[in-house]
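In what follows, a structure is listed as structure tokens, so that the remarks can point back to it.
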Amino acid sequence: MKPIFRPIQSQDDAPLAAIIRKSLTDHQLAVPGTAYFDPELDHLSEFYAADPATRHYFVVTDESGTLLGGGGLAAYDSEGKIAELQKFYLSDAAKGQRLSYPLLAKIEAKAFELGYRQLYLESHHSLEAALHVYQKAGYRALCQPLLAAQHTTMDRFYVKTLEPQQPNQCNSTHGLDGTNGKAIE
């Protein structure tokens, strides 16, 4: 399967809300203080489109267009140039396909492009697969939220300093940067 990453569209709202609610329910997190009850959850496309200079949301689909999940970012501490990773969920059908890492990389690159220099997130100890992804992707665990927690049930907090994306210097047809395998100086 070749995944397709794209910005959220209005037709993604209902299936994405269902993926998020199912994941939270599966982990006994369909409770106040989680994204389950966020007022914008059923209309994420509107929420992220309302302020494109500070927010963005990517979805991932399969080649047939079936929505597999998504993740977004929004301002958390504008003065500190910190964005929050938001609503980062994949469907059961996406699990095991390693889609979390490229989705997270796209969100991080967009955050950097929007001027953020750190990405913060709130999670829960029962979301073990997500915590593994964050740690492997270089997020540093915090003892408490950076500011007041948005979702009071969440009990794990992470932050990552963002770096500019380095262009891929490998060219699949000719070796490194078209030099037929010669080192780039």
Side-chain angles (χ1 to χ4, degrees), residues 1-8 12 16 19-29 33-36 38 44 48 55-63 66-77 80-147 149-151 153-170 172 176:
M1 179 198 77
K2 182 179 183 222
I4 298 165
F5 299 90
R6 61 169 173 77
I8 192 170
D12 302 321
L16 194 54
I19 289 168
I20 293 170
R21 286 193 175 106
K22 181 181 183 323
S23 180
L24 290 169
T25 299
D26 290 350
H27 290 90
Q28 291 74 49
L29 291 171
T34 69
Y36 194 95
D38 282 359
L44 288 178
Y48 287 95
R55 304 176 187 162
H56 195 82
Y57 198 95
F58 288 101
V59 297
V60 58
T61 69
D62 64 17
E63 292 166 320
T66 301
L67 188 71
L68 298 173
L73 70 104
Y76 179 76
D77 175 1
K81 297 184 179 183
I82 303 170
E84 181 183 22
L85 178 67
Q86 299 181 333
K87 302 187 180 49
F88 188 78
Y89 292 89
L90 293 172
S91 69
D92 290 341
K95 291 182 178 160
Q97 297 184 42
R98 300 186 55 84
L99 298 175
S100 296
Y101 299 101
L103 178 59
L104 191 53
K106 289 195 175 299
I107 295 165
E108 291 171 355
K110 186 66 175 183
F112 193 86
E113 176 187 320
L114 293 176
Y116 298 111
R117 294 303 172 253
Q118 289 187 309
L119 198 56
Y120 166 79
L121 68 95
E122 300 171 355
S123 192
H124 192 270
H125 69 269
S126 67
L127 300 171
E128 293 174 1
L131 299 178
H132 173 79
V133 168
Y134 303 140
Q135 292 166 357
K136 192 167 180 179
Y139 285 77
R140 181 175 48 90
L142 304 171
C143 296
Q144 61 191 28
L146 285 178
L147 304 173
Q150 299 271 69
H151 297 104
T153 300
M154 300 294 106
D155 60 3
R156 298 294 184 265
F157 313 97
Y158 291 86
V159 69
K160 180 177 182 179
T161 299
L162 302 174
E163 303 290 336
Q165 291 276 319
Q166 297 298 318
N168 184 355
Q169 295 180 334
C170 295
S172 60
L176 298 174

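Residue indices begin at 1 and follow the sequence shown. The analysis underlying the following values was restricted to heavy atoms, covering all of them including side chains, and did not include hydrogens, waters or symmetry mates.
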Query raised in the report: Heavy-atom distance under 4.5 Å between the side chains of Leu85 and Tyr158, does that happen here?
Result: no
Query raised in the report: Do Val133 and Tyr139 have side-chain heavy atoms sitting under 4.5 Å apart?
Result: no
Report task. Could you point out which residue of His56, Gln86, Lys87, Arg55 forms a side-chain hydrogen bond (donor to acceptor under 3.5 Å, both in side chains) with Tyr48? Result -> Gln86
Query raised in the report: Do other residues, nucleotides or ligands put more than 12 heavy atoms under 6.0 Å from Arg140 CZ?
Result: no
[X] side, atom [atom1]; [Y] side, atom [atom2] - distance, nearest 0.5 Å:
X	Y	atom1	atom2	result
Asp77	Ile82	CG	CD1	4.5 Å
Glu128	His27	CD	NE2	7.5 Å
Asp12	Thr61	CG	OG1	8.5 Å
Gln118	Thr161	CD	OG1	4.0 Å
Glu108	Leu103	CD	CG	10.0 Å
His132	Ser100	NE2	OG	9.5 Å

I'd like to know if the side chain of [X] and the backbone of [Y] have a donor-acceptor N/O pair within less than 3.5 Å.
X	Y	value
Lys160	Ala137	yes
Thr25	Arg21	yes
Thr34	Leu29	yes

Requested in this report: Can you run down the ring-ring contact (aromatic ring centres under 6.0 Å, His included) pairs that involve residues 105-130, sequence neighbours left out, and say none if there aren't any?
Outcome: Tyr76-Tyr120
What closest approach, in Å, do [X] and [Y] show between heavy atoms, and which atom pair accounts for it?
X	Y	result
Lys106	Phe58	O-CE1, 3.5 Å
Leu73	Ala111	CD2-N, 3.7 Å
Ile20	Tyr89	CG1-CD1, 3.5 Å
Ser91	Leu67	OG-O, 4.5 Å
Leu68	Ala93	CD2-CB, 4.2 Å
Val60	Pro3	CG2-CB, 3.8 Å

Requested in this report: Go through the steps for Phe157 and Val159 under the test side-chain contact (heavy atoms from CB on, under 4.5 Å), then give the verdict.
Outcome: CA-CA 7 Å; Phe157 313 97; Val159 69; over 6 Å; no
